[in-house]
Amino acid sequence: MNFWFGLSRKFRKKEKSMGLLKIYKFFLHGLLKLAGISPKKIEIEPGTVVNFWVPTQTTTKPAVVFLHGFAFDGILTWQFQVLALANHYSVYVPDFVFFGDSITDKSERSVEFQAECIAKGLKKLGVQKCTLVGFSYGGIVGFKMAEIYPELVHSLVVTCSPMALTESISKVRLHRLGFNSWPDYLLPDSVQGVETLIQLASHSFPKLPNFIYKEILEGICKYRREKVELLKALVISDEEFTVPNYHQGMHVMWGKNDKIFELENAHYLQQQIGEKASVEYIENSGHIVQLERPCKYNSCLNKILPALSSS
């Protein structure tokens with residue numbers, strides 16, 4: 001009896017020291033491996049390593065690459081979509097540089113650099129053509145990949161993301177959110193700041209316990225200085241940006257209650273892309289629509305991906 005009581009106490013202490021989010025990620029990673037998806041670090045060039053979640057076995061299924069936003073790493077952002085689509089597609093989920101297990105010793109922080117790292121990593125993994133599914137920051141990187149690597153990017157699904165974060169868009173969005181800069185919002189330095197980050201990014205996401213917000217904060221603080229530099233490089237002047245001539249098929253998915261990039265941004269994006277884009281709005285969801293309404297989001301993806309793959 002004393003043995004089991006002692007073992008139980010040790011487990012509870014370990015659980016507390018590990019943190020609930022770390023325990024959840026441990027089991028999530030195990031579930032992904034059972035689904036045939038495992039992590040693999042790819043050296044892009046000396047000093048730059050990008051972590052990808054990739055199919056365990058070589059397949060001939062169409063390749064779908066999920067590009068994450070700024071708050072979480074790739075697999076946390078896309079966990080529900082990866083598990084739902086792994087049986088029918090070759091799923092790849094990279095971590096951008098300075099997220100998850102991806103790192104560089106280079107000073108480059110631009111969207112172009114992130115796009116280059118992902119494209120080179122995919123080519124080293126043997127991916128010749130793919131559909132990108134990009135969310136927020138990942139959507140901006142996806143647009144840049146489609147522009148620079150048209151032979152690699154066959155089609156693009158964009159969720160709650162502008163084509164580029166120009167100064168004019170950035171100024172309006174920050175004013176409506178009530179922040180002076182993107183690091184003030186996306187890189188909080190307190191538990192309350194993390195709660196605000198998630199609440200503004202969602203439509204009706206439940207309040208989480210403070211200890212979970214604290215764990216999220218610890219992840220956000222990793223490479224904080226470099227992430228501030230990424231956000232500084234993300235905003236470009238209006239004069240610097242021109243709409244590229246995309247040849248890929250594109251589909252836009254948007255949370256109808258997105259407070260970060262509201263519906264006017266979706267309408268403007270549709271005008272920029274033109275006839276190549278189809279647009280879909282998901283009710284009762286905010287910016288993190290793929291986490292807030294995963295079943296509906298997955299249903300939409302399952303409908304549009306075959307059409308994009310065959311176009």
Side-chain angles (χ1 to χ4, degrees), residues 12-32 39 51 53 66-83 93-103 114 134-141 159-161 173-174 177-231 234 255 257-261 285-294 297:
R12 286 199 300 271
K13 286 181 180 179
K14 184 177 181 182
E15 182 179 26
K16 187 175 180 181
S17 65
M18 282 183 67
L20 189 62
L21 189 59
K22 289 180 181 177
I23 293 172
Y24 176 76
K25 289 179 75 172
F26 174 80
F27 284 106
L28 174 62
H29 291 179
L31 192 60
L32 288 163
N51 181 66
W53 284 81
F66 288 94
L67 305 176
H68 65 84
F70 213 87
F72 301 118
D73 63 20
I75 213 63
L76 269 182
T77 301
W78 295 111
Q79 52 185 296
F80 301 117
Q81 289 67 48
V82 171
L83 291 170
V93 188
D95 292 328
F96 290 129
V97 172
F98 298 122
F99 293 86
D101 293 323
S102 298
I103 189 67
Q114 297 280 23
F135 162 68
S136 197
Y137 180 67
I140 296 174
V141 176
T159 299
C160 301
S161 170
R173 299 319 315 151
L174 285 171
L177 288 169
F179 290 92
N180 293 321
S181 70
W182 288 109
D184 288 345
Y185 171 55
L186 291 170
L187 298 172
D189 56 8
S190 67
V191 166
Q192 184 178 358
V194 176
E195 181 179 355
T196 300
L197 167 68
I198 294 175
Q199 291 304 314
L200 284 174
S202 65
H203 173 55
S204 57
F205 209 73
K207 177 179 169 57
L208 301 173
N210 280 349
F211 69 86
I212 294 183
Y213 291 137
K214 186 177 179 181
E215 285 187 72
I216 294 172
L217 180 63
E218 291 172 1
I220 289 173
C221 288
K222 185 179 179 183
Y223 301 123
R224 182 184 178 85
R225 178 176 61 83
E226 291 82 358
K227 288 175 181 175
V228 170
E229 293 168 353
L230 288 174
L231 287 171
L234 179 61
N257 306 98
D258 190 347
K259 295 186 284 284
I260 298 176
F261 294 113
S285 58
H287 190 66
I288 52 173
V289 54
Q290 79 284 1
L291 289 170
E292 202 166 15
R293 295 204 61 196
Y297 189 93

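Count residues from 1 along the sequence. Nothing here was measured: the structure is a model prediction, and the numbers come from that model.
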To check you understand the geometry: which heavy-atom pair defines the closest contact between P206 and Y213, and what is its length? O-OH, 4.5 Å

Under a 4.5 Å cut-off applied to non-hydrogen side-chain atoms, are F66 and W53 in contact? no

Does any N or O in the side chain of R173 come within less than 3.5 Å of the main-chain N or O of K259, such that one atom is a donor and the other an acceptor? yes

P188 to L217 - nearest heavy-atom pair and separation: O-CD1, 3.2 Å

Do F135 and L67 have side chains that get closer than 4.5 Å, going by heavy atoms? no

L186 side, atom CG; L230 side, atom CG - distance, nearest 0.5 Å: 11.5 Å

Specify the closest pair of heavy atoms between I75 and V82, including all atoms of both residues, with the distance to one decimal. CD1-CG2, 4.2 Å

Taking atom CD of Q79 and atom CG of L31, what is their separation to the nearest 0.5 Å? 9.5 Å

If you round to the nearest 0.5 Å, how far is CG of D101 from CG of D95? 6.5 Å

Ring geometry between Y185 and F179 (parallel below 30°, tilted from 30 to 60°, perpendicular above 60°): tilted

Contacts table for residues 192-201: side-chain donor-acceptor under 3.5 angstrom, sequence neighbours left out:
| unit_1 | atom_1 | unit_2 | atom_2 | d |
| --- | --- | --- | --- | --- |
| E195 | OE1 | K207 | NZ | 3.2 |
| E195 | OE2 | K207 | NZ | 3.1 |
| T196 | OG1 | Q192 | O | 3.1 |

Geometric class of the F70/F99 ring pair [parallel <30°, tilted 30-60°, perpendicular >60°]: perpendicular

Ion pair check, K25 and D73, cut-off under 4.0 Å: yes

Polar side-chain atom of E292 near backbone of S204 as donor-acceptor pair, under 3.5 Å: yes

Heavy-atom nearest pair, L174 first then N180, reads CD1-O, 3.9 Å

List for me each residue that meets side-chain contact (heavy atoms from CB on, under 4.5 Å) alongside N257, sequence neighbours excluded, and say none if there are none. H203

For S136, the side-chain contact (heavy atoms from CB on, under 4.5 Å) test, sequence neighbours excluded, returns F261, H287

Going by the rule side chain to side chain donor-acceptor pair (under 3.5 Å), which residues pair with Y223 if we only count those two or more places apart in sequence or in a different chain? none

Check ring-ring contact (aromatic ring centres under 6.0 Å, His included) between F96 and all other residues, then give those that pass, not counting sequence neighbours. H68, Y137

Salt bridge check, K214 against E218: does any charged N sit closer than 4.0 Å to a carboxylate O? no

Quick one: list whatever passes ring-ring contact (aromatic ring centres under 6.0 Å, His included) with F205, sequence neighbours left out. none

Between K22 and E215, which heavy-atom pair has the shortest distance, and what is it? N-OE1, 3.4 Å

With side chain to side chain donor-acceptor pair (under 3.5 Å) as the criterion, how do Y297 and T159 come out once you've worked through the C-alpha distance, each side chain's angles and the decisive distance to 0.1 Å? CA-CA 10 Å; Y297 189 93; T159 299; 2.7 Å; yes

How far does OG of S161 sit from CD1 of I260, to the nearest 0.5 angstrom? 11.5 Å

Show the nearest heavy-atom pair for residues N51 and P39, with the distance to one decimal. OD1-CB, 3.9 Å

Once you round to the nearest 0.5 Å, how far does CH2 of W78 lie from CG of L291? 8.5 Å

Does some side-chain heavy atom of V228 sit less than 4.5 Å from a side-chain heavy atom of L187? yes

